[in-house]
Asks: 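Before anything else, here's the structure in question.
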Amino acid sequence: MKIKTPVYPETRMDEVTDDYHGTVVADPYRWLEDDNSAETAGWVRAQNDVTFGYLEQIPYREAVRNRLTRLNDYPKEGMPSRHGEWYYYFKNDGLQNQSVFYRSVSADGTDGEVFLDPNTLSEDGTVALNSVSFSKDGKYMAYCVAEAGSDWVDIKVRDTATGEDLPDIIKWVKFSGGSWAKDSEGFYYSRYAEPAAGSEYSGVNEYQKVYYHRLGDPQSADKLIYEDRAHPLRYFNGEESDDGKYIFVTASEGTHGTELLYREKANATAPFRVLFPGFDYDYEVVYCKDDAVYIHTNQDAPNYRLIEVSLLTPHHARTVIPENENTLRGVSDAGGNLFAFYLEDAKSSVYQYNLEGELIRKVDLPDMGTVSGFSGKDEDTVVFYAITSFTSPSTVYTYDIAAGSTTLLKKPQVDFDPDLFTTEQVFYTSKDGTQVPMFIVHRKDLKKDGRNPLMLYAYGGFNLTYGPSFNPTTIMFLEQGGIYALASIRGGGEYGERWHRGGMLENKQNVFDDFIGAAEYLIDNKYTSSDKLAISGASNGGLLVGACMTQRPDLYAVAIPQVGVLDMLRYHRFTVGWGWVVEYGSADDADQFDYIYKYSPLHNLHPGTCYPATLITTGDHDDRVVPAHSFKFAAALQAAQGCDNPTLIRIETNAGHGAGKPTSKRIEEAADIYSFVLWNTGAKVKF
């Protein structure tokens, strides 16, 4: 069976140009940036008609969807956390669109009751619970509600005794939740001014401010804690010290590099003082009590360290946990102890210290994978943690802080045989000689004959790390003889700040070279071949895919750029895109324009080139990476495509950047993506 090459909707081209420092750049699809126009809406409908018309012809699309539904249909329970007399945790019975927030008097949840069910907030499951935070005494819970995947949230408050919501509602909040004061009478949050009608999902967000909300007051009465009228393009978040004596404000100009300010809460008229100036390093408050604050930082420590500073004499700092050869990704506190999370060649390990920085033990983890948890209160004697891997869903354990012993708490069962698969880690050489690690997951009976469909994934930016994690979609692909590879490329935080800086700004091409090197390694070592290789990535990973498919279109059979940053010359003109300038640079700067223009996916498509079969995905409510990126790239790619490979765009309605997407929509999207991948890699499916 052969699916005919689609006939794409005609996309109008305008005579629009911009002069960047003497270089004139055409932007014929500028009109697609208007997310409120009827013409853009019509274009979206026409593109979706073509895309779904193509996908409906794939004969096993329904079988893929059915298998993904079965693989997703298992009980999922998160780590419990104790507040007051209750243990709270998220649970999904299997296919519920949103996980339900439960509570129980016991940690194992055997007598659990529903405390908040976000599935009741909308008919289609597109209203999601973004985050929750509890007052210090456990009497109140602030929770953030997001609609259709937007970054905008409303903060509401629930009384834990009655289970009823208070009348308090906080609006126009973004990248913030409720951070409770010690007295439990209110919380801090960060918000923007109400946007002009029609610009909610694309307008630039400026002048974020920190407020304090006292329970029972209207939002209009909230107290302004901090603002900076001189710097509209900064983020600010506020919190109190554990003992309620100090207020901290963390400022940032983007996704890395912070400034830390503080003042005594009792002295409300005093200006905030700078504890650590910005924005060359990162400073994260871990714990503060009795005038001593513990800070996780990469100041003079590219692999990070933990320091202690007295707020009475802040010009002196004591190193509590020194930098070493592995990356200290974070530190949590519980039971008067510190738990340090390290990455050792992109694999998790955890070490337990006392507050003086003396090593107590390396935590003996029951499995290898990505670890989270180990957070609690000073009086806790046990904490909870979870481990996940490529072939094991998140499994929850309890940890006895004094004894250092682990007990299994919750282990989910999924409808597949994990013993059929194995994970290996390899190191390959990138273009400049750098050794890059990569995880490869496959069936144990794999034949390295170059005929295996393979999905290569990476992110490569913003100091983020992507380690082993469970995804039912990956299992389905492995069952069909596919291979999944995760490359730990530069730009991420796997090897500390040097690894991050090696893939940002003028070094961004290293990220693409690392990814191309991963593809070449997989082909050279007969895991796959160019006509069987698919690449995917989301957000900054969508930029990665867009850049690599335009630089080496011959290397891949399929490309899946998801919610990608694809117009690198204008990304900073929408919502909070300005916050990425510290990572990418800006076309407004002559020197930075030069290197950005060389890799910007939208501007490096060449008519007549044979590009891989491409399925672009985005959401109509994505207000982080606005859908115009994907719209313009799809139009330009369809015009440039020089062969019969399909170039499609799948535009989800009532969906944003990805967070909070309901289970039903996740399954539908995954079924479409992997049906497209299997079909265009010529996989021998076995449904």
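What's counted below: heavy atoms across the whole structure, side chains too, no hydrogens, waters or symmetry copies.
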Asks: Is the backbone of Lys174 close enough, under 3.5 Å, to the side chain of Asp151 for a donor and an acceptor to pair up by distance?
Replies: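 Answer holds: no.
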Asks: If I take atom CZ from residue Phe676 and atom CG from residue Asp672, how far apart are they, to the nearest 0.5 angstrom?
Replies: 10.5 Å
Asks: Indicate yes or no: at least one non-hydrogen side-chain atom of Leu544 is less than 4.5 angstrom from one of Val511.
Replies: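 Touching, per the 4.5 Å side-chain cut-off.
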Asks: When rounded to the nearest 0.5 angstrom, what is the spacing between CD in Gln480 and CD1 in Ile475?
Replies: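 These two atoms lie 12.5 Å from each other.
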Asks: Classify the ring geometry of Phe593 against Tyr20: parallel below 30°, tilted from 30° to 60°, perpendicular beyond 60°.
Replies: parallel
Asks: Check this for me: does any side-chain nitrogen of one of Arg570 and Glu33 sit under 4.0 Å from a carboxylate oxygen of the other?
Replies: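 Salt bridge between Arg570 and Glu33, a charged N being under 4.0 Å from a carboxylate O: yes.
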Asks: Please work out which of the three classes, parallel, tilted or perpendicular, describes the rings of His629 and Phe574, given edges at 30° and 60°.
Replies: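 Phe574 vs His629 ring planes: perpendicular.
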Asks: What is the minimum heavy-atom distance between Pro607 and Leu605, and which atoms define it?
Replies: CD-O, 3.9 Å
Asks: Locate the shortest heavy-atom distance separating Thr618 from Ser630; write the atom from each residue and the value.
Replies: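 That would be CB-OG, 3.6 Å.
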Asks: Go through Arg30 and Asp18 one step at a time and tell me if the side chain to side chain contact (heavy atoms under 4.5 Å, CB included) criterion holds.
Replies: CA-CA 11 Å; Arg30 177 79 57 86; Asp18 295 296; 2.3 Å; yes
Asks: Has the side chain of His572 got a donor or acceptor atom that lies under 3.5 Å from a matching backbone atom of Ala587?
Replies: no
Asks: Mark yes or no for whether Tyr60, through its side chain, and Trp679, through its backbone, hold a donor-acceptor pair below 3.5 Å.
Replies: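 Yes, the answer is positive, given that a donor and an acceptor are paired below the 3.5 Å cut-off.
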Asks: In the structure I gave you, are the side-chain heavy atoms of Phe631 and Val44 within less than 4.5 Å of one another anywhere?
Replies: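 Counting from C-beta outward, Phe631 and Val44 do come under 4.5 Å.
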Asks: Spell out, as yes or no, whether a donor-acceptor pair under 3.5 Å connects the side chain of Asn645 to the backbone of Tyr611.
Replies: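 Confirmed, Asn645 side chain pairs with Tyr611 backbone.
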Asks: Please check this pair: side chain of Asn97 against backbone of Ser664, looking for a donor-acceptor N/O pair closer than 3.5 Å.
Replies: yes
Asks: Could you check whether any side-chain N or O of Thr370 sits under 3.5 Å from a backbone N or O of Ser469, counting only pairs where one atom can act as donor and the other as acceptor?
Replies: no
Asks: Is it the case that more than 12 heavy atoms not belonging to Lys4 sit under 6.0 Å from its NZ atom?
Replies: no
Asks: Would you check, one step at a time, whether the test side chain to side chain contact (heavy atoms under 4.5 Å, CB included) holds for Ser430 with Asn510?
Replies: CA-CA 8 Å; Ser430 190; Asn510 288 336; over 6 Å; no
Asks: Applying the side chain to side chain donor-acceptor pair (under 3.5 Å) criterion to Thr11, which one of Trp43, Tyr29, Trp31 satisfies it?
Replies: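 Per the side chain to side chain donor-acceptor pair (under 3.5 Å) rule, the option paired with Thr11 is Trp43, out of Trp43, Tyr29, Trp31.
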Asks: Carefully, step by step, assess Phe477 and Tyr484 under the rule ring-ring contact (aromatic ring centres under 6.0 Å, His included).
Replies: CA-CA 8 Å; Phe477 189 59; Tyr484 181 83; 8.0 Å; no
Asks: Passes side chain to side chain contact (heavy atoms under 4.5 Å, CB included), Asn525 versus Tyr428? Steps please.
Replies: CA-CA 11 Å; Asn525 286 273; Tyr428 64 91; over 6 Å; no
Asks: A side-chain contact here means heavy atoms from C-beta on lying under 4.5 Å apart; do Tyr584 and Asn540 qualify?
Replies: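 A side-chain contact exists here, since the closest heavy-atom pair is under 4.5 Å.
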Asks: Under a 4.0 Å threshold between the charged nitrogen and the carboxylate oxygen, would Asp124 count as salt-bridged to Lys665?
Replies: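 So Lys665 does not pair with Asp124 through a salt bridge.
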Asks: Please report the shortest heavy-atom distance between Gly493 and Asn463, naming the atom on each side.
Replies: CA-OD1, 3.2 Å
Asks: Can you give me the closest heavy-atom contact between Ala458 and Ala487, atom names plus distance?
Replies: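 The pair with the smallest heavy-atom distance is CB-O, 3.5 Å.
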Asks: Rounded to the nearest 0.5 Å, what separation is found between the CZ atom of Phe439 and the OH atom of Tyr466?
Replies: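 It is 14.5 Å, given to the nearest 0.5 Å.
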Asks: I need the Arg490 CZ to Arg501 CZ distance, nearest 0.5 Å.
Replies: 15.0 Å
Asks: Answer yes or no: is there a side-chain heavy-atom contact under 4.5 Å between Glu506 and Asp591?
Replies: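 No, their side chains stay 4.5 Å or more apart.
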Asks: When rounded to the nearest 0.5 angstrom, what distance separates OG in Ser600 from CG in Leu602?
Replies: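 The distance works out to 5.5 Å.
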Asks: Under the salt bridge (Lys or Arg N to Asp or Glu O under 4.0 Å) criterion, do Lys661 and Glu669 qualify, and how do the steps go?
Replies: CA-CA 10 Å; Lys661 184 177 289 187; Glu669 182 181 57; 3.2 Å; yes
Asks: Quick one: CE on Met455 to OG1 on Thr681, what's the gap to the nearest 0.5 Å?
Replies: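 It comes to 8.5 Å.
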Asks: Check whether any side-chain heavy atom of Asn452 lies under 4.5 Å from a side-chain heavy atom of Leu454, and answer yes or no.
Replies: no
Asks: Could you give me the CA-CA distance, side-chain angles and deciding distance for Lys2 and Asp644, then say whether salt bridge (Lys or Arg N to Asp or Glu O under 4.0 Å) is met?
Replies: CA-CA 12 Å; Lys2 182 175 176 61; Asp644 290 339; 5.5 Å; no
Asks: Return the set of residues passing side-chain contact (heavy atoms from CB on, under 4.5 Å) with Gln509 (not counting sequence neighbours), or none when no residue passes.
Replies: Phe512, Asp513, Gln551, Tyr599
Asks: If every non-hydrogen atom of Gln98 is compared with every non-hydrogen atom of Gly125, which pair is closest and at what distance?
Replies: NE2-O, 2.7 Å
Asks: Which residues pass the side-chain contact (heavy atoms from CB on, under 4.5 Å) test with Val127, sequence neighbours left out?
Replies: Leu121, Ser122, Val145, Glu147
Asks: Between Pro601 and Met568, is there a side-chain heavy-atom distance shorter than 4.5 Å?
Replies: yes
Asks: With side chains defined as the heavy atoms from C-beta onward, is the minimum distance between Tyr201 and Val626 less than 4.5 Å?
Replies: no
Asks: Would you say the side-chain atoms of Thr429 and Gln435 include a donor-acceptor pair closer than 3.5 Å?
Replies: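 Yes - a donor-acceptor pair under 3.5 Å links their side chains.
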Asks: Are Arg45 and Asp49 within salt-bridge range, i.e. N to O under 4.0 Å?
Replies: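 Looking at Arg45 and Asp49, the cut-off is not met.
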Asks: Measure from the side-chain N and O atoms of Glu583 to the backbone N and O of Phe462, and report whether any donor-acceptor pair falls under 3.5 Å.
Replies: yes
Asks: Thr663 side chain to Gln96 main-chain N or O, any donor-acceptor pair under 3.5 Å?
Replies: yes
Asks: Please step through salt bridge (Lys or Arg N to Asp or Glu O under 4.0 Å) for the pair Arg443 and Asp445, ending with a clear verdict.
Replies: CA-CA 5 Å; Arg443 291 180 62 98; Asp445 58 1; 3.1 Å; yes
Asks: Answer yes or no: is there a donor N or O on one side and an acceptor on the other, between the side chain of Gln562 and the main chain of Thr617, under 3.5 Å?
Replies: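 No; judged by distance alone, with no hydrogens or angles, the pair does not exist.
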Asks: In terms of the angle between their ring planes, are Tyr571 and Trp580 parallel, tilted or perpendicular, with boundaries placed at 30° and 60°?
Replies: parallel
Asks: For a 4.5 angstrom cut-off between non-hydrogen side-chain atoms, does Ile483 reach Thr528?
Replies: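 Side chain of Ile483 against side chain of Thr528, heavy atoms only: no contact under 4.5 Å found.
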Asks: Could you pull out the closest heavy-atom pair between Asn48 and Ile649, with the gap in Å?
Replies: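 Nearest heavy atoms, Asn48 then Ile649: OD1-O, 3.8 Å.
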Asks: List the steps and the verdict of side chain to side chain contact (heavy atoms under 4.5 Å, CB included) for Asp531 and Arg451.
Replies: CA-CA 9 Å; Asp531 61 345; Arg451 305 308 302 159; 3.4 Å; yes
Asks: Does any N or O in the side chain of Gln57 come within less than 3.5 Å of the main-chain N or O of Leu55, such that one atom is a donor and the other an acceptor?
Replies: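 Pair absent, no side-chain N/O of Gln57 close to backbone of Leu55.
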Asks: So does Asp588 pair up with Arg573, basic N to acidic O under 4.0 Å?
Replies: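 Result for this pair is yes, salt bridge flagged.
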